[in-house]
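Notes to accompany the following structure.
Owing to the predicted nature of the structure, the values given are computational and were not obtained by experimental measurement.
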Amino acid sequence: MIFIRWQRQTGPLRILDGNEDFDFDMELKNIRNIGFIAHIDAGKTTTTERILYFTGRSHKIGEVDLGTAAMDWMVQEQERGITITAASTTCLWRGYQINIIDTPGHVDFIVEVERSLKVLDGAVVIFCAVGGVEPQSETVWRQADRYNVARLAFVNKMDRIGADFFTTVEQMHSRLGANAAAIQIPYGYEENFKGVIDLINENLVYYPDDTGKSFEVLPIPEEYSNESKRYREILIEKLAEADECIMDKFVHAKPIETQEIKDAIRRATLANKFIPVACGSSLRNKGIQLLLDQICDYLPAPCDVPAIKGIEPVSGDYEERTVSKDAPFCALCFKIMSDPYVGRLNFIRVYSGSLSTGTYVYNATQRLKERVTKIVRMHANRQEIIDSTEAGDIAAIIGLKETKTGDTLCDEDEPIILQKIRFPEPVISMSIEPGSKENQDKLGFALKKLSEEDPTFSVRYNSDTGQTLISGMGQLHLEVAVDRIMREYNIDAKIGQPQVAYRETITRKVISIGKFVQQTGGRGQYGHVILQMQPQDTPGMGITFEEKIKSGAIPHEFIPAVEEGVRLSARSGCLAGYPVTDIAVTLMDGSYHEVDSSELAFQMAAGMAFSDGLKKGGSILLEPIMDLEIIVPEEYMGQVLGDLNGRRAKVTNLIQKKQLRFIHVFVPLAELFNYATILRSLTQGRGSYTMEPSYYAEVPANIAEKVIGLGVSTARY
C-alpha cells in the first residue's frame, strides 16, 4: 500500500510536486460534500472519472467498460462494469474542495446510496437522456427527499441515439414532482451534439472536438434564438415560484440581472425548492467543466445546512451541534471497509470540531473510548494520510475496533448520539458451507467481516437444519458476496439455491404469560412476565418493546433481560421457523423472587411468553413484494403481461413512450427467480427490468401451506 502524505498548514491552498505536502485547510464555505446518484448505467462513474481528470486529480481518464475506472476498484466491479460499493474521493476546482461519493445504481446495493445520502450535503442526480426518469431514479430521489439533500440534475448521454432532453425535464415534473427547469439546453442532438446553450449567461459553449479540453464561448446562433429565449423565460417563471426576490421582479416586469438569477438559483436550491437542470455527454467530455462550476455555485457548503440534531445519551434530552470547527467534536461512522494491508477503515463525516491522529475518541452509541492511530483521506481504495480532520470533512479512521456503521463519535465531555441510518431488510437467502472442515473457521471470519461492512448482508445459523444462511437484497448482492469470500479470503464454499426471506407475524392482540421456575436444591431460578402483543400499526417497524410495570412488580434491572428474551425468541416463529416481525410487545406485569430471580430466568420467561403469544395471536406468513418496472417493445407487451398474470402480479401502471411500454407491477419475490432469463426469452433479448423491495404481504393460504410444510419437513430432517 502506497501512502501519500497530506498535511494541514497555515496559508492559502497550494499544490506542490513530488512527495511534498499541499494544504487542505479549507474554509467551510469552500467545501462541497456531494454524491452522484442515479439509475444503473446512467453514467455516474463515467462522470466522476471525467471530473477527476479535468480537476487534475488523475492524469488519465478511466473507462468503465474497459475496467480501468479509478472509482470501480473492486475486481467484481471491473468484471461486471457496474459500481458495487460507494467510493469516495476529493478534488479541487476554482479554490473549492469537492468531496465526492460515487454511489451504485443497482437496486441490490441500495444501502450504499442510503448511507451516503445520510452524510452528504448535496447531490448530482444523473439522468440518461434516452431513458429519462427511470425506476431507480425515482428510488434515489425519494432517498434524497428523506434526508433533505439539495440537488442539481445532469442529463447525460446527449450524444446517444434517441436522446431527448426536454422529455426528461418533463418527466422530472410528472414523475418526481420536482420544481425543475433547464439552465442549459443542448446545441445539437445525438451525433450532432456539439455543446450547450447557457440560458443564464445567454451564450453558446461550443466543443470543437471530443477531448473536452477546450471549448469556445460564442453568441447564441440565430436558429436557436427563439428557443433559448422561451426556455429562459420558463427558467425565470419556475425560479419565481421558489424565490421571493425573483417573484417580485417578475410580477412587476422589472429587468433581472444575470447575477441575480445565479443568487436566486443558489438560494432556492439550498432550500430544496428548485432543481437546476444541466446537460452534456460525459463519455464525450462535454459539459463537465460547467457541471463543476454548478456544483461550486449552487450546491451547499457544510455551513449552509442546518445544525445536526441528536440526543444526550444519559438524559435523552434533545441536542444540536452547529457546523463549526470550534464546536465540540461530533462525527458519524457511515461505512466500514476492510483493507488487506491496514485492516479496518471507519468512514466518518465530521459535523463539528476536529480530530487528530493519536488521540482518543468517544463512541457515544456504545459508550466506550477508542484510539485513533491514523486518519486518511480516501481516493477509491487508496489512502492518503492526513494529520487531522475537521468539521465539514469526510475521512476514514484506522484503529477503531468496536465502532460499527451508524455509531456516533464525539467528545467524551460533550456526548451526543446522532440519528442512526435506516437500512432495508434483506429479502433473499441462500445456504453456504465450506468446501472442507479446514475452512470452517475461515468462513466464519469472512462472513463476520462482510456483515460488518454491509448492514444489509446478514448471517444466521439455523439450528434445526444445521445450515448457515446468508441473506441480502438480491441474487446479484449474494453472488458478489460469495465471489468476495472465494477470492479475497481464498475459501472454497458451497452454495445452496436462493430462498425467499419469509417472515411471520400475528393478526390480533393477545395477552401471554411466561413463567420459568426451576428448583435444584440450592438457589433456584424464578422469572414471571405478562406480555401484551399486538400487530404494529405501520408495517416495517419490526419488533418494538415497551414496559408499563407498576409498583415494582419486576425490578428495573431485570427489564433489559426481558427485552433480550423477546428479541431472541423473535428470531424463529411458530409456523416454519422464520424470523418474526411487526409486533409491538408491552411488558404489563409479572413477579419476582428476592433470592431466586435472575436475568437468565426473566430472559427464559420472556421467551416462553413470546412463543405462547405467537400461537395465540393467529400467526401468518409474510413474503416480500417487489416493485418491478419492465421496459419492453410494444409488440411484446401481450406475452409479458400474460406471463406476469401467472406470477401473482398486480399491474399498477402502463405507460407508452414512443415504441416502448413501461409496465409497473408489484410481484412476490418468490415468483421472480431467474426472471431475467425468462424476460429475455419472451422479448428476444429486447426487454429489461429493474426491481426493488417494496413491502411484506400475507402469503395466500394455498402457498403458505406448501411453504410451511417445506419448512417443517426440512426442520425435521
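Using a 30° and 60° split on the angle between ring planes, Phe109 and His477 fall in the perpendicular class, above 60°.
Contact between Phe154 and Ser281 at its shortest, heavy atoms only, is CZ-N, 4.4 Å. In terms of heavy atoms, Val133 sits closest to Gln171 at N-OE1, 2.8 Å. Annotation for Thr103 and Glu112: closest pair CG2-O, 4.4 Å, computed over non-hydrogen atoms. Taking both residues in full, the closest heavy atoms of Ile126 and Ala42 are given as CG2-O, 3.6 Å, listed atom of the first, atom of the second, then distance. Of all the heavy atoms in Tyr351 and Val119, the pair that sits closest is OH-CA, 3.6 Å. The shortest heavy-atom contact between Ile416 and Ala364 is O-CB, 3.3 Å.
Salt bridge Lys262/Asp293: absent, no basic N to carboxylate O contact under 4.0 Å. Ion pairing between Glu241 and Lys273 fails under the 4.0 Å rule for side-chain N and carboxylate O. A salt bridge does not link Asp393 to Lys325: none of the charged nitrogens lies less than 4.0 Å from a carboxylate oxygen. A salt bridge links Arg266 with Asp304; the closest basic N to acidic carboxylate O contact falls under 4.0 Å.
Judged purely by atom type and a 3.5 angstrom limit, Asp582 uses its side chain to pair as donor or acceptor with the backbone of Met541. With hydrogens and angles disregarded, a donor-acceptor distance shorter than 3.5 Å links the side chain of Asn156 to the backbone of Ser282. No side-chain donor-acceptor contact under 3.5 Å links Lys404 to the backbone of Gln366. Side-chain atoms of Arg232 come within 3.5 Å of backbone atoms of Leu199 as a donor-acceptor pair (strictly under, hydrogens ignored). In this structure, the side chain of Arg321 does not engage the main chain of Ser352 through any donor-acceptor pair within 3.5 Å. Side-chain atoms of Glu384 do not come within 3.5 Å of backbone N or O of His379 as any donor-acceptor pair. In this structure, Arg57 contributes its side chain and Ile51 its backbone to no donor-acceptor pair below 3.5 Å. When atom types are taken as modelled, the side chain of Arg32 and the backbone of Leu299 share a donor-acceptor pair closer than 3.5 angstrom.
Side-chain atoms of His39 and Ser137 form no donor-acceptor pair, as typed in the model, at a separation below 3.5 Å.
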Please evaluate residues Trp141 and Asp145 with respect to the criterion side-chain contact (heavy atoms from CB on, under 4.5 Å), reporting the C-alpha separation (whole Å), side-chain torsions for both, the decisive distance (0.1 Å), and the verdict.
CA-CA 6 Å; Trp141 192 272; Asp145 281 339; 3.5 Å; yes

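A side-chain hydrogen bond (donor to acceptor under 3.5 Å, both in side chains) with Thr403 holds for exactly one of Asn363, Asn346, Thr365, Thr408; it is Asn363. Shown are Val277, Thr168, Val169; of these, the side chain to side chain contact (heavy atoms under 4.5 Å, CB included) with Phe127 is made only by Thr168.
Within 6.0 Å of atom NZ in Lys309, more than 12 heavy atoms from other residues, nucleotides or ligands are found, so the atom counts as buried in its surroundings.
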